[in-house]
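By convention in this document, chain letters (A, B, ...) are assigned in the order of the sequence lines, proteins followed by strands, and residues within each chain are numbered from 1.
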Amino acid sequence: MKEIEKAYEAKKYEDDIYKKWEKSGAFSPKKVKGKKPFVIAMPPPNATGTLHLGHATMLAVEDIMIRFKRMQGTPSLWIPGTDHASIATQNKVEKIVAERGETRHTLGREKFLQEVHEFVKKSQNTIRNQVRKMGSSCDWTRERYTLDSGLSKAVSEIFVRMYNDGLIYRGHRIVNWCVRCTSTLADDEVEFKEEKTKFYYIKYGPVVIGTARPETKFQDKIIVAHPDDKRYKKYFGKKMTVDWINGPIEAAFLADKNADPEFGTGAMTLTPAHDFLDFDLAKKHKLEIVQIIGQDGNFTDVVGKKFAGKSARASREAIVEILQKKGLIERIDENYVHNLSVCYRCGTPVEPLVSEQWFVDVNKPVIKEGDKKVSLKKRAIDVVKKGKIEIIPDRFNKIYFHWLNDLRDWCISRQIWFGHRIPVWYCHSENKKPLCAKPIVQVKAPTKCPGCGSNKLEQESDTLDTWFSSGLWTFSTLGWPDKTDDLDYFHPTAVLETGYDILFFWVARMILMTNYALDEIPFKQVYLHGLVRDKNGKKMSKSAGNGIDPLDMIDKFGTDAVRLSLVIGTSAGNDFRLYEEKIAGYRNFVNKIWNSARFAFMNMPDNKPHKFLKSHIKSHADKWILTELQNLIKEVNVDMENYHFSEAGTKIYNFTWGIYCDWYLEMSKGEHMNPAVLLFVLKNLLKLLHPFVPFVTESLWNHLETGTMLISEEWPVYDKTLVFTKEAKELKDIMEIITSIRSIRAEKGVEPARKINATIYGGAKTKLIITKESIIKRMARIENLTIAPKGEKLAKALWKYVNGINIYLPVEDLFDISQEVIRMQKKYEEINKKAESIGSRINNPNFVQRAPKELVEKEMKQHQELLAEMDSLQKQIKELQNLHN
RNA sequence: GGAGAUGUAGCUCAGUUGGUUAGAGCGCAACAUUGACAUUGUUGAGGUCGGUGGUUCGAAUCCACUCAUCUCCACCA
């Protein structure tokens with residue numbers, strides 16, 4: 001067989017192999033009737049730039065799942081794609097145009113969006129290449145983009161359906177507003193940053209109120225305290241005139257349980273338009289809601305000439321000064337620590353304000369369930385509660401339920417330009433008839449108003465929350481709303497694999513939306529991987545400069561090594577640390593795989609194909625390695641089915657390096673060379689390794705010239721006819737003899753090159769040892785080996801005892817009786833301790849009564865053996881001591 | 001304020017439903033170098049499994065409490 005290079009150079013092979021896979025069509029599954037497919041909808045990376053380690057982890061794990069299932073013969077589909085990521089992408093492009101002094105407003109909607117689309121095109125290409133670099137075996141013929149025409153159609157379609165079902169409504173409500181993005185943010189798009197600030201105690205008529213934001217208080221006319229608060233009881237229901245920022249105002253005092261007597265002074269004034277709690281209270285008590293801060297973060301006209309149009313936040317000090325001059329500031333706490341809410345995309349402080357937005361009603365019962373109807377929220381909870389969707393690890397169930405229970409109506413409109421424009425049109429006709437007040441909600445753009453026939457129509461300028469479209473991902477990618485074969489065959493998908501950080505953002509939304517649209521779950525399982533951290537356990541981020549670029553690592557160590565480093569040593573839901581040394585370690589392993597194959601190739605007679613037949617099995621070593629291989633296959637299959645990839649990978653790693661290379665290949669170097677078995681094991685090993693390290697395994701498979709591709713090969717199945725328990729156990733005894741001899745040699749400083757003699761008293765295992773004489777001699781570097789069932793203790797010989805076998809190495813120049821006695825005594829103590837531990841157990845009637853029978857028998861037998869060993873040892877020690885005297 | 005995770009060798013982590021003597025990789029120490037591989041081999045040192053108490057014949061594993069680290073959710077004017 002053709003010889004291969006000494007070291008595996010990933011770069012030389014990876015791109016070619018990927019192209020071959022793609023060309024072969026292996027990524028596109030065939031639909032087989034009656035056979036359940038395995039489908040993963042790839043979480044679409046944002047179309048904003050480059051892949052990070054989170055993506056790399058996701059791609060590695062999903063590719064392992066897909067390759068495993070594909071090799072098992074399951075039609076396996078992995079749908080790739082990208083997400084337009086409205087706010088994130090728009091912000092990025094805004095930054096780019098800012099470099100040449102433009103803003104989106106100077107460019108205008110159309111031109112700006114043109115810029116965004118061009119940017120997206122570029123980064124999509126980058127992402128496509130990077131996904132390929134990771135070796136992802138996804139079906140590129142089905143690649144989708146959340147903003148492409150098919151998915152946009154799905155978005156409009158579902159919007160219209162939900163609107164018609166009364167699930168989507170438009171309303172004035174208080175929302176999180178980012179003054180930089182000039183858009184609303186959903187509740188979970190708000191982040192909290194701890195901040196130390198001033199806390200002001202301000203006289204408000206007869207009472208004192210506390211606030212961190214005095215600038216929002218211009219129009220506060222209602223003061224509230226807890227109904228049980230004795231300090232304020234006398235004021236409840238009273239009206240009063242108080243001196244305030246712009247002069248005296250009429251104020252009223254209310255009692256409400258929502259006021260916390262413990263906080264501040266226990267009394268607060270209401271700012272209904274700019275505080276969530278105040279807004280709710282204002283609604284409850286039917287109070288006037290006056291907007292004093294506009295969408296640009298500046299004051300509206302209602303605050304008076306002096307401040308109108310000025311930034312609210314920046315005016316704080318000036319307003320405090322006015323209050324101070326009026327003598328209304330009682331005191332200022334300089335060290336108030338609280339959580340400032342900021343925009344998750346740009347970090348700008350969120351300005352709560354009231355505006356007209358579109359919402360999804362999560363409580364309205366619309367999904368049919370028997371004779372009843374249930375809400376989106378209830379259904380989303382039920383499908384997990386009833387086990388229709390399994391979340392791995394299951395501790396996230398609780399988090400999921402908690403989030404859903406507290407879920408308020410979902411604000412889906414965004415005042416940004418990039419995204420799906422809401423499919424709603426308003427009639428701007430002069431001759432307003434009653435019908436024209438009603439918005440036109442439909443998938444296709446209307447040409448004229450159905451009410452008055454006017455063609456003066458204008459589409460809603462708002463776009464949809466990016467998660468609204470990605471919430472449809474599992475089925476919109478398969479062609480919905482059209483009834484396609486793909487949708488029919490591949491939906492629901494099997495597993496949704498993603499980081500736990502987007503459980504709410506995305507996973508929960510998908511469950512909501514899919515249950516509504518299809519009355520079906522989007523996936524049966526949710527596998528949440530952990531987040532990648534740096535060597536010190538810190539989150540990787542650009543600002544901290546501790547990030548690792550997966551592509552740099554691929555360049556340096558190869559994709560296979562990077563994949564292993566992201567999968568082995570990690571478990572679902574738990575964060576893990578990544579650093580170069582780790583990846584380098586797996587690069588070494590990949591090279592080890594390469595070289596083990598290289599050895600096999602070099603020993604392969606090059607004429608005939610090496611079909612494996614049972615008649616080829618010859619030696620103990622063959623039977624042992626086949627047994628180990630079958631055990632591996634069995635265990636790995638269980639692990640893979642249960643998504644225990646780390647364990648499966650570790651087991652394959654240990655087999656490859658510690659069993660196949662360190663022992664079987666070493667034994668093969670002698671007369672045990674058996675190309676048929678060697679090749680059989682190698683082939684199976686390559687298959688098992690393939691999902692983890694697809695490139696190196698495929699390129700080695702290529703060298704086998706089987707004419708097939710490993711990606712499409714059959715996954716190994718446990719074959720008990722290839723298990724030889726007895727022979728495997730016997731060979732392990734031989735291995736222990738070899739290890740023992742090596743151990744004494746190393747301990748005594750016998751140079752590896754020096755050949756020495758040995759005598760083995762093998763007891764019941766003598767026959768076996770004789771047949772393995774040559775292996776022992778070669779691997780333990782023994783010149784003359786004497787084997788007998790039993791015999792005299794050799795004088796001046798180093799000794800070792802293992803599993804009923806006595807080994808003597810007569811190395812006179814290195815022999816020291818007193819040291820040998822000590823060694824034997826140590827061994828005696830060791831065995832004695834063990835015997836005592838077992839003895840105490842088997843002499844305990846409770847143990848004998850209650851422990852499983854097999855265990856008790858086993859322990860008793862072992863105890864006997866230990867006692868016999870101790871006897872023999874004691875004899876030997878005496879002999880040695882006699883020799884000494 | 002609420003919830004969760006983690007704590008095992010110097011470091012990073014395994015340890016599946018409780019079962020003899022707790023494992024691996026890296027690192028460390030010693031030795032080895034033409035033959036698959038120095039991206040290597042052989043051998044070795046290193047752990048009272050965070051602590052306390054309990055359940056059990058038996059606990060790293062189950063329970064309670066406790067300490068430490070981290071994360072998520074909520075958010076108070």
Side-chain angles (χ1 to χ4, degrees), chain A residues 3-4 6-8 188 192 199 209-213 216-217 220 224 258-260 262-265 267-271 275-278 281 338-339 341 393 395-396 398-399 402-403 406 500-501 503-504 530-531 533 535 537 539 557 561 568-571 573-579 581-582 584-603 638-639 642 644 646-647 650 653-654 657-658 661-662 665-666 669 739 742-747 749-753 830 833-834 837-838 840-841 844-852 855-856 858-859 862-863:
Chain A
E3 199 172 312
I4 56 174
K6 258 188 144 178
Y8 174 63
D188 44 51
F192 296 94
F199 193 77
I209 57 153
T211 181
R213 295 201 64 192
T216 65
K217 305 249 157 252
D220 287 13
V224 183
N258 282 296
D260 178 1
E262 304 291 319
F263 190 85
T265 61
M268 62 176 177
T269 57
L270 293 188
T271 314
D275 183 283
F276 281 86
L277 177 64
D278 295 3
L281 288 178
H338 75 142
N339 284 325
S341 47
R395 71 181 132 92
F396 283 97
K398 218 172 170 181
I399 300 171
H402 185 252
W403 184 81
D406 288 355
Y500 63 78
D501 52 333
L503 178 64
F504 307 137
L531 273 32
R533 297 175 171 274
K535 198 171 185 174
K539 234 180 185 167
F557 302 108
I568 295 188
T570 72
S571 52
N574 293 323
D575 294 351
F576 59 95
R577 304 174 190 211
L578 186 75
Y579 38 89
E581 297 92 306
K582 205 175 193 171
Y586 289 114
R587 186 265 325 265
N588 296 354
F589 174 61
V590 169
N591 188 57
K592 188 80 183 175
I593 299 169
W594 179 263
N595 271 289
S596 70
R598 182 168 184 259
F599 173 81
F601 296 163
M602 285 168 69
N603 286 288
V638 173
D639 288 337
N642 292 314
H644 294 160
S646 173
E647 280 183 53
T650 307
Y653 177 105
N654 289 337
W657 205 317
C661 290
D662 289 350
L665 295 193
E666 288 306 318
K669 284 175 184 173
T739 308
R742 283 172 175 170
S743 169
I744 324 176
R745 293 181 61 126
E747 205 180 307
V750 180
E751 309 88 76
E830 204 181 287
K833 209 172 137 194
K834 209 161 113 185
S837 144
I838 296 178
S840 73
R841 229 170 300 143
N844 181 342
N846 277 326
F847 174 74
V848 179
Q849 246 170 43
R850 298 186 200 189
L855 189 72
V856 177
K858 204 173 127 198
E859 298 251 23
Q862 200 173 3
H863 192 239

Student: Quick one: is A/Trp657 getting a side-chain N or O under 4.0 Å of the B/C37 phosphate, OP1 or OP2?
Tutor: no

Student: Looking at the side chain of A/Thr739, which of B/U20, B/U43, B/A77 is the nearest nucleotide?
Tutor: B/U43

Student: Respond yes when some side-chain nitrogen or oxygen of A/Lys669 is under 4.0 Å from OP1 or OP2 of B/A36, and no when none is.
Tutor: yes

Student: Which whole-number value in Å describes the distance from A/Phe192 CZ to B/C75 P?
Tutor: 5 Å

Student: Find out whether the Lys NZ or Arg CZ of A/Lys592 is both under 6.0 angstrom from the six-membered ring centre of A/Tyr653 and within 45° of the ring's axis.
Tutor: no

Student: Categorize A/Ser341 for me: base, sugar-phosphate, or nothing, with a 4.0 angstrom heavy-atom threshold over every strand shown.
Tutor: nothing

Student: For B/G35 versus B/U40, give the span between their P atoms, rounded off to a whole number of Å.
Tutor: 15 Å

Student: Could you identify the nucleotide paired to B/C37, looking across every strand shown and requiring Watson-Crick or G-U wobble geometry with both distances under 3.5 Å?
Tutor: none

Student: Between the side-chain atoms of A/Asn591 and the base atoms of B/C37, is any donor-acceptor pair under 3.5 Å?
Tutor: no

Student: How is A/Asn844 classified with respect to the nucleic acid when contacts are heavy atoms under 4.0 Å: base, sugar-phosphate, or nothing?
Tutor: sugar-phosphate

Student: Report which part of the nucleic acid A/Gly210 touches: base, sugar-phosphate, or nothing (heavy-atom distance under 4.0 Å, all strands).
Tutor: base

Student: With a 3.5 Å limit on both atom pairs, tell me what B/U42 is paired to, counting Watson-Crick and G-U wobble, or say none.
Tutor: B/A30

Student: Base, sugar-phosphate or nothing for A/Glu581? Non-hydrogen atoms, less than 4.0 Å.
Tutor: nothing

Student: Let me know the distance between CZ of A/Phe396 and C1' of B/U71, rounded to the nearest Å.
Tutor: 9 Å

Student: Tell me, do A/Lys217 and A/Ile209 make a side-chain contact under 4.5 Å, heavy atoms counted?
Tutor: yes

Student: Can you measure from CZ (A/Phe576) to CD1 (A/Ile568) and round to the nearest 0.5 angstrom?
Tutor: 12.0 Å

Student: Between B/U71 atom P and A/Lys539 atom NZ, what is the distance in whole Å?
Tutor: 8 Å

Student: For nucleotides B/G2 and B/C63, find the distance between their C1' atoms and express it as a whole number of Å.
Tutor: 23 Å

Student: Using OP1 and OP2 only, check whether a side-chain N or O of A/Thr269 sits under 4.0 Å from B/A77.
Tutor: no

Student: Using only side-chain N and O atoms of A/Ser571, determine if any of them is under 4.0 Å from OP1 or OP2 of B/C13.
Tutor: no

Student: Phosphate oxygens OP1/OP2 of B/C37: is one of them under 4.0 Å from a side-chain N or O of A/Asn588?
Tutor: no

Student: Counting only side-chain heavy atoms from C-beta out, which of B/A24, B/U20, B/U16 sits nearest to A/Asn654?
Tutor: B/A24

Student: Using the P atom on both, measure B/C49 against B/A22 and round to a whole Å.
Tutor: 11 Å

Student: In whole Å, I'd like the distance from the NZ atom of A/Lys535 to the P atom of B/G27.
Tutor: 10 Å

Student: How far, in whole Å, is B/U34 from B/A29 if one measures between their P atoms?
Tutor: 24 Å

Student: Is A/Arg395 close enough to B/G4 that one of its side-chain N or O atoms is under 4.0 Å from OP1 or OP2 there?
Tutor: no

Student: Using both distances under 3.5 Å as the test, list the Watson-Crick or G-U wobble partner of B/C70, or none.
Tutor: B/G4

Student: Can you confirm whether A/Cys661 sits close enough to A/Ser596 that some side-chain heavy atom of one is under 4.5 Å from a side-chain heavy atom of the other?
Tutor: yes

Student: Does any nucleotide pair with B/A24 by Watson-Crick or G-U wobble geometry, both distances under 3.5 Å, and what is it?
Tutor: B/U12

Student: Have a look at A/Glu666 and say if it touches a base, only the backbone sugar-phosphate, or nothing, with a 4.0 Å heavy-atom cut-off.
Tutor: base

Student: In Watson-Crick or G-U wobble terms, both distances under 3.5 Å, what is the partner of B/A64?
Tutor: B/U52

Student: Do A/Glu581 and A/Lys535 have side chains that approach each other closer than 4.5 Å (heavy atoms only, starting at C-beta)?
Tutor: yes

Student: Do any side-chain nitrogens or oxygens of A/His338 fall under 4.0 Å of OP1 or OP2 in B/A77?
Tutor: yes

Student: Can you tell me if the side-chain N/O atoms of A/Lys6 get under 4.0 Å from OP1 or OP2 in B/C37?
Tutor: yes

Student: Less than 4.5 Å apart, any side-chain heavy atom of A/Val590 and any of A/Trp594?
Tutor: no

Student: Indicate, with a heavy-atom threshold strictly under 4.0 Å, whether A/Leu665 touches base, sugar-phosphate, or nothing.
Tutor: base

Student: Mind checking the C1' distance from B/G47 to B/A9? Whole angstroms is fine.
Tutor: 5 Å

Student: Hunt down the Watson-Crick or G-U wobble partner of B/A77, both distances under 3.5 Å, from any strand shown, or write none.
Tutor: none

Student: For A/Tyr579, report the nucleic acid contact type (base, sugar-phosphate, nothing); a contact means any heavy atom under 4.0 Å.
Tutor: sugar-phosphate

Student: Less than 4.5 Å apart, any side-chain heavy atom of A/Asp275 and any of A/Met268?
Tutor: no

Student: Between B/G19 and B/U61, how far is it from one C1' atom to the other, in whole Å?
Tutor: 11 Å

Student: Output yes when at least one side-chain N/O atom of A/Arg213 is less than 4.0 Å from OP1 or OP2 of B/A77, else no.
Tutor: no

Student: According to a strict under-4.0 Å criterion, is A/Lys398 in side-chain N/O contact with OP1 or OP2 of B/A5?
Tutor: no

Student: Quote, to the nearest angstrom, the C1' distance that separates B/A14 from B/U55.
Tutor: 27 Å

Student: So what does A/Thr211 touch, heavy atoms closer than 4.0 Å: a base, only the sugar-phosphate, or nothing?
Tutor: sugar-phosphate

Student: In whole Å, measure the gap between the C1' atoms of B/U48 and B/A5 for me.
Tutor: 26 Å

Student: Suppose we call a contact any N or O donor and acceptor under 3.5 Å apart; does that hold for the side chain of A/Glu747 and the base of B/U43?
Tutor: no

Student: Tell me which nucleotide among B/A77, B/G15, B/U20 gets nearest to the side chain of A/Glu647.
Tutor: B/G15

Student: Can you identify which nucleotide, out of B/U20, B/C76, B/A36, has its nearest atom closest to the A/Lys592 side chain?
Tutor: B/A36

Student: With the side chain counted from C-beta on, respond yes when A/Tyr8 and A/Ile593 share a heavy-atom pair under 4.5 Å apart, and no when they do not.
Tutor: no

